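Throughout, protein chains are lettered first and strands after them, A, B, ... in sequence-line order, and every chain is numbered starting at 1. Just so you know, these numbers come straight off a predicted model, no measurement behind them.
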Amino acid sequence: MAASLSTGLDVHFAIPQSDTKRPIFFTRRKFTIYSGLLSKPKSTWVNPTKPKRSVLSLQRQTRSPYAYNPKVRELKLFANKLSDCDNSEEAFLSVLEEIPLEPTRENALLILNSLKPWQKTHLFLNWIKTKNLFPMETIFYNVTMKSLRFGRQFELIEELANEMVSNEIPLDNITYSTIITCAKRCNLFDKAVEWFERMYKTGLMPDEVTYSAVLDVYAKLGKAEEVVSLYERGVASGWKPDPIAFSVLAKMYGEAGDYDGIRYVLQEMTSLGVRPNLVVYNTLLEAMGKAGKPGLARSLFQELLESGLTPNEKTLTSLAKIYGKARWAKDALELWEEMKSKNWPMDFILYNTLLTMCADIGLVEEAEQLFLDMKKSQHCRPDSWSYTAMLKIYGSGGNVGKAMEFFEEMSEVGVELNVMGTTCLIQCLGKAGRMDELVKVFSVSVEHGIKPDDRLCGCLLSVVSRCESRADVDKVLACLHRANPRLVGFLKLIEEEVYCLDTVKEEFKGIISDTKDDARRPFCNCLIDICLSKNLNKRPHDLLYLGTLYGLHPGLYNKTADEWSLDVRSLSVGAAQTALEEWMGTLAKTIKHEEALPLLFSAQTGTGTHKFSQGLSNSFASHLKKLAAPFRQSEEKAGCFVAKREDLVPWLRSRLQT
DNA sequence: ATAGGGTTAG
C-alpha cells in the first residue's frame with residue numbers, strides 16, 4: 001500500500017495502514033513520570049485554549065567549526081606518544097615535558113581529542129587545568145567525557161559535571177547527552193533520568209539528540225508508556241522525529257514482541273513523511289522477527305530493496321534468522337542465491353547465522369558449502385558457533401558418522417565444544433543406540449568444563465525413554481546423575497511399586513520450579529514416555545495430571561458450543577496417547593452423568609513441521625486404530641482427527657460396559 | 001575515537 005504525502009515522498013509499507021490499532025495504552029495519557037517538570041503533574045485535564053509547554057528545542061545545538069591547525073601532524077604524533085606511554089601519572093607527565101609546541105587552546109584541544117585510552121584524556125585535562133593557560137570551556141569537558149564514556153567511567157563523568165557546575169562552566173546539550181548515554185551504557189538508568197530532569201531544572205531545553213537518547217533510556221527500561229508519552233509530547237511541540245527516534249521505538253516494540261507497537265511506528269513514519277533508512281529497516285526487520293511475523297519481514301525486505309537501499313550484514317542476519325526460525329526453506333534458499341549473485345556484504349556473524357538457518361531447516365549441502373567457504377576465508381574461520389551448527393545439522397539429520405567427525409575435528413583444531421553441541425551429539429548418539437560413545441561424549445564435555453543445562457538433561461531423559469535394555473538405561477542414568485541427581489531420584493520414586501501421589505506431587509513441583517521454563521514440558525513428556533515403556537500403567541496419567549496442574553499444558557482441552565477438542569501438538573508420542581485416554585475417560589463420565597455433548601470432537605497433532613512433533617501424527621493415528629476409536633483423519637486439515645457425536649457416543653458406551 | 005542519539009547470533 002502506498003501513501004502519497006504532501007512532502008512528495010512515496011512511502012511504501014508492507015503493513016496495511018487502514019486498520020492499524022494503537023496499543024491500548026496510547027489512548028490513556030499519563031503525566032506522572034517526570035512530575036512537575038514537563039507539564040502540570042498528575043492531571044489529565046487538558047485546557048485546549050492553553051498550548052502545552054514545549055518539551056524540546058526544535059533547533060539542534062550547533063557546534064563551532066574546527067579552525068584548521070597547521071601543526072596537526074606534529075600534534076597528532078605527540079598525542080600518539082602520550083597514548084602509548086604507561087598509564088601512571090609519572091610516566092605521563094615525563095612524556096608531557098617533551099611537548100613540541102606551545103599548549104595553546106587550539107593545540108591542547110587537538111591533543112585532547114586524539115588521546116586514548118580514557119586515563120590519558122583524563123590526565124591531560126587535569127594538566128591543562130593546573131597549568132591555567134587559558135580559561136576552561138565546555139568543549140574541553142565534552143571531549144574528555146566522550147573518552148571517559150568509552151571506558152564506562154560514569155563516576156568520573158559525574159564528578160566532572162559537578163565540577164563544571166561549581167566552576168560555572170555551562171553544561172550544554174552535548175554535555176548532557178554524553179552524561180545520559182554514559183549512564184545508559186553503564187546500566188545506571190536512574191542516573192540517566194536524573195540528569196535529564198536536571199536539564200529542565202537549570203532551564204536548558206533538550207534538543208532532539210538529547211531527547212532521543214532519553215527515549216532510548218526509557219525504552220531500555222521497557223517503559224513503553226513513558227516512551228510514547230515523551231514521543232507524543234515531542235511531536236506536539238512541533239518536533240519532526242528523525243529515523244533515529246523511530247529506530248528507538250521500533251527496537252523497543254521488537255524487544256517486547258509487540259506487533260501493534262511496530263505497526264504504530266510504521267504508521268507514524270508514514271503520517272509524518274519520514275522515510276526509513278537502512279538502520280530503521282534493520283530494526284524493523286528484527287522487530288518483525290521477534291513479533292513472529294516472517295511474512296511481514298519478507299515484504300518489508302522487498303520494500304527496502306524497492307526503495308533503492310542495499311542491505312548490509314545486519315539486514316541479512318535478521319532475515320536469515322527469521323527464515324530459519326520459520327523453517328521457510330524456499331525463502332532461505334532464494335535469499336542465499338540473491339546474496340551470492342548480488343555480492344551483498346558478508347561478515348562472521350552473518351556466516352554463522354546462515355549456518356544456523358541451514359541447521360534449522362535441514363539444508364545439509366548448503367551448510368557444507370558455507371562451512372567450506374568459512375574455512376577458506378581469512379577472517380571468518382569457523383568457531384564454536386559454526387561447529388555447533390554443523391553438529392546440529394548432522395545430529396538432527398541422523399548422520400552420526402559426520403557428527404562424530406566434526407566432534408573430533410573440533411578438538412584437533414582447538415575449537416571449544418559448548419553445551420548445545422554436546423546436546424546435539426548426545427541426541428543423535430542416543431537415537432542411533434550408540435550408548436558407549438554417548439557416555440564418552442558426555443564425560444569429555446563435563447571434563448572440558450561444560451555445565452549440563454536443563455536442555456541437556458531433557459535430552460538424556462529422552463534417550464532413557466527410548467532405551468531398549470536395562471544396561472543402556474543404567475549407562476545413560478549414570479550421566480544424568482552427574483548432571484541432575486534429583487531427576488534420577490524422581491525416576492526411582494515413580495518406579496516404586498508402592499507410591500504415594502502426594503510425595504510424587506511435592507517432588508515434581510520442586511523439580512519443575514527449579515527447571516528453566518523451556519525444558520519443563522519436555523521433562524514431563526519424557527517422564528510419561530519412560531513410565532509407558534515400563535508399563536507402569538497408572539503413572540503416565542498421574543504425570544499428565546501433575547503437568548497440567550503446574551501449567552505445562554495450557555490449552556490441552558478446548559471447548560466451544562459446537563466442538564470439543566484436544567490439542568496434543570506439544571506432547572510426546574506417549575504423552576499424547578495418555579492425554580487421549582484421559583480425554584476419553586472424561587467423556588465417558590460425561591455420558592454416564594447424561595450431560596450435554598457437542599456434535600463434533602477433534603484431536604490435533606499438527607503435521608510435524610516442528611522437529612518435536614515429527615511422527616506424532618502417525619503414532620497417534622495408529623493408537624486410535626488400536627483403540628478402534630471412531631476418529632478419522634480430517635480431509636481439509638492435515639494433522640487433525642475428527643469424530644462425530646453419533647459415532648463417538650456408542651463407542652464410549654461400549655467401552656463403559658467392559 | 002577528532003565534542004552528543006539508533007541496528008546483527010542458540
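- On a pure distance criterion of 3.5 Å, no polar donor-acceptor pair joins the side chain of A:Asp242 and the base of B:dG6.
- Using a 4.0 Å heavy-atom distance criterion, A:Asn173 is classed as a base contact.
- Distances shown here put every side-chain N or O of A:Lys314 at or beyond 4.0 Å from the OP1 or OP2 atom of B:dA9.
- A:Thr317 contributes a side-chain N or O that forms a donor-acceptor pair with the base of B:dT8 under 3.5 Å.
- Salt-bridge check for A:Lys516 with A:Asp453: failed, with every basic side-chain N at 4.0 Å or more from each acidic carboxylate O.
- In this structure, A:Tyr176 atom OH and B:dA3 atom P are separated by 21 Å, rounded to whole Å.
- Contact annotation: A:Arg149 side-chain N/O to B:dG5 OP1/OP2 distance is under 4.0 Å.
- A:Asp518 comes within 4.0 angstrom of no nucleic acid atom, judged by non-hydrogen atoms across all strands.
- Using a 4.0 Å heavy-atom criterion, one finds that A:Thr356 contacts no nucleic acid atom at all.
- No hydrogens or angles were tested; on distance alone, nothing pairs the side chain of A:Asp360 with the base of B:dG10 as donor and acceptor under 3.5 Å.
- Here A:Thr388 lies in heavy-atom contact (under 4.0 Å) with a base.
- In the interface, the side chain of A:Thr210 is not paired with the base of B:dG5 through any donor and acceptor atom under 3.5 Å apart.
- Contacts of A:Ser64 with the nucleic acid, taken as non-hydrogen atoms under 4.0 Å apart, include base atoms.
- Here A:Val143 lies in heavy-atom contact (under 4.0 Å) with sugar-phosphate atoms only.
- Heavy atoms of A:Val214 sit nowhere under 4.0 angstrom from any nucleic acid atom.
- What separates CG of A:Asn142 from C1' of B:dA3 is a distance of 5 Å, to the nearest Å.
- Phosphate proximity of B:dT8 to A:Lys251: present, with a side-chain N or O under 4.0 Å from OP1 or OP2.
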Exercise. Between A:Phe406 and A:Tyr394, is a ring pair (Phe, Tyr, Trp, His ring centres under 6.0 Å) present by the stated rule, with each step listed?
Worked result: CA-CA 9 Å; A:Phe406 273 76; A:Tyr394 293 126; 5.3 Å; yes
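- For A:Arg327 and A:Asp360, the salt-bridge test fails: no basic side-chain N is under 4.0 Å from an acidic carboxylate O.
- Relative to the ring axis of A:Trp127, A:Lys129 does not place its NZ or CZ within 45° and under 6.0 Å from the centre.
- For the pair A:Lys184 and A:Phe189, the cation-pi test (distance below 6.0 Å, angle within 45°) is failed.
- Remark: the A:Ser177 side chain and the B:dG4 base include a donor-acceptor N/O pair separated by less than 3.5 Å.
- The interatomic distance linking A:Glu286 (CD) with B:dT8 (P) rounds to 6 Å, in whole Å.
- Paired with A:Met357 under the rule side chain to side chain contact (heavy atoms under 4.5 Å, CB included), one option of A:Thr353, A:Ile361, A:Leu355 passes, and it is A:Ile361.
- Side-chain nitrogen and oxygen atoms of A:Arg185 include at least one within less than 4.0 Å of the OP1 or OP2 phosphate oxygen of B:dG5.
- The base of B:dG5 lies close enough to the side chain of A:Arg60 for a donor and an acceptor atom to sit less than 3.5 Å apart.
- Nucleotides B:dG10 and B:dG5 place their P atoms 27 Å apart, quoted to the nearest Å.
- When heavy atoms are screened at a 4.0 angstrom cut-off, A:Thr144 is found touching no nucleic acid atom at all.
- At a threshold of 4.0 angstrom between heavy atoms, the contacts of A:Thr181 are confined to the sugar-phosphate backbone, with no base atom among them.
- OP1 or OP2 of B:dA9 has at least one side-chain nitrogen or oxygen of A:Lys321 nearer than 4.0 Å.
- In this structure, A:Asn69 places its CG atom 14 Å from P of B:dA3, rounding to the nearest Å.
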